[in-house]
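Note that the numbering runs from 1 along the sequence shown for the chain.
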Amino acid sequence: MITDKERTLLIETLGKQYSAKVSQHLQKLKIKNAIGKDYTTHSIRIFVNGMRENEKVEIAIMQLVNKTIKAKKVMQKRRKKLSKV
């Protein structure tokens with residue numbers, strides 16, 4: 001289950017409209033629901049708010065958060081180097 005701390009980090013990292021980004025990430029990983037369809041933005045919000053558990057989806061969501069954080073750090077370093085020139 002996604003904790004309050006993880007949810008806060010997710011929203012800070014991906015923004016308040018995170019569900020579309022998460023949905024695209026799940027599609028790339030080919031993670032489907034029980035009937036073989038893509039997860040809806042509503043079901044993603046249910047997982048993030050801790051109303052339902054799905055370990056596979058939750059791990060994929062946190063992987064996306066970590067990937068985004070790393071990408072932002074790389075971008076900050078590049079901008080810092082460019083501003084010094």
### Query
Between Ser19 and Thr41, what is the shortest heavy-atom contact and its length?
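Here Ser19 and Thr41 meet closest at OG-CB, 3.6 Å.
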### Message
Using every non-hydrogen atom in the two residues, find where Val48 and Arg7 come nearest and quote the distance to one decimal.
### Response
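Minimum heavy-atom contact is O-NE, 3.3 Å.
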Please round to the nearest 0.5 Å and tell me the distance separating atom [atom1] of [X] and atom [atom2] of [Y].
X	Y	atom1	atom2	value
Thr13	Leu64	OG1	CG	9.0 Å
Ser23	Arg45	OG	CZ	11.0 Å
Asn49	Met1	CG	CE	11.0 Å
Ile59	Met62	CD1	CE	10.5 Å
Phe47	Leu26	CZ	CG	9.0 Å
Glu12	Tyr18	CD	OH	13.5 Å

### Summary
Apart from Met51 itself, members of its ILVMFWY cluster (side-chain separation under 4.5 Å) are Ile46
Do the side chain of [X] and the main chain of [Y] share a donor and acceptor less than 3.5 angstrom apart?
X	Y	answer
His25	Ile61	no
Gln24	Lys21	no
Ser43	Thr40	yes

### Message
Tell me which one of Lys72, Lys77, Arg79 satisfies side chain to side chain contact (heavy atoms under 4.5 Å, CB included) with Met75.
### Response
Arg79
### Query
Is it the case that one hydrophobic cluster holds both Ile2 and Leu29, taking links as side-chain heavy atoms less than 4.5 Å apart, direct or via other members?
yes
### Task
Please lay out, stage by stage, how Thr3 and Glu6 fare under the test side chain to side chain contact (heavy atoms under 4.5 Å, CB included).
CA-CA 5 Å; Thr3 65; Glu6 291 170 332; 3.3 Å; yes
### Pairs meeting criterion salt bridge (charged side-chain N to carboxylate O under 4.0 Å, His left out) with involvement of residues 31-44, two or more places apart
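Found Lys32-Asp38.
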#### Entry: Partner set under side chain to side chain contact (heavy atoms under 4.5 Å, CB included) for Lys56, not counting sequence neighbours
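Scan of Lys56 (side chain to side chain contact (heavy atoms under 4.5 Å, CB included), adjacent residues dropped) gives Ile31, Asn54.
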### Query
Is any side-chain heavy atom of Val74 less than 4.5 Å from a side-chain heavy atom of Lys70?
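Not touching, per the 4.5 Å side-chain cut-off.
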#### Entry: Side-chain heavy-atom pair Ile69, Leu9 within 4.5 angstrom cut-off
yes
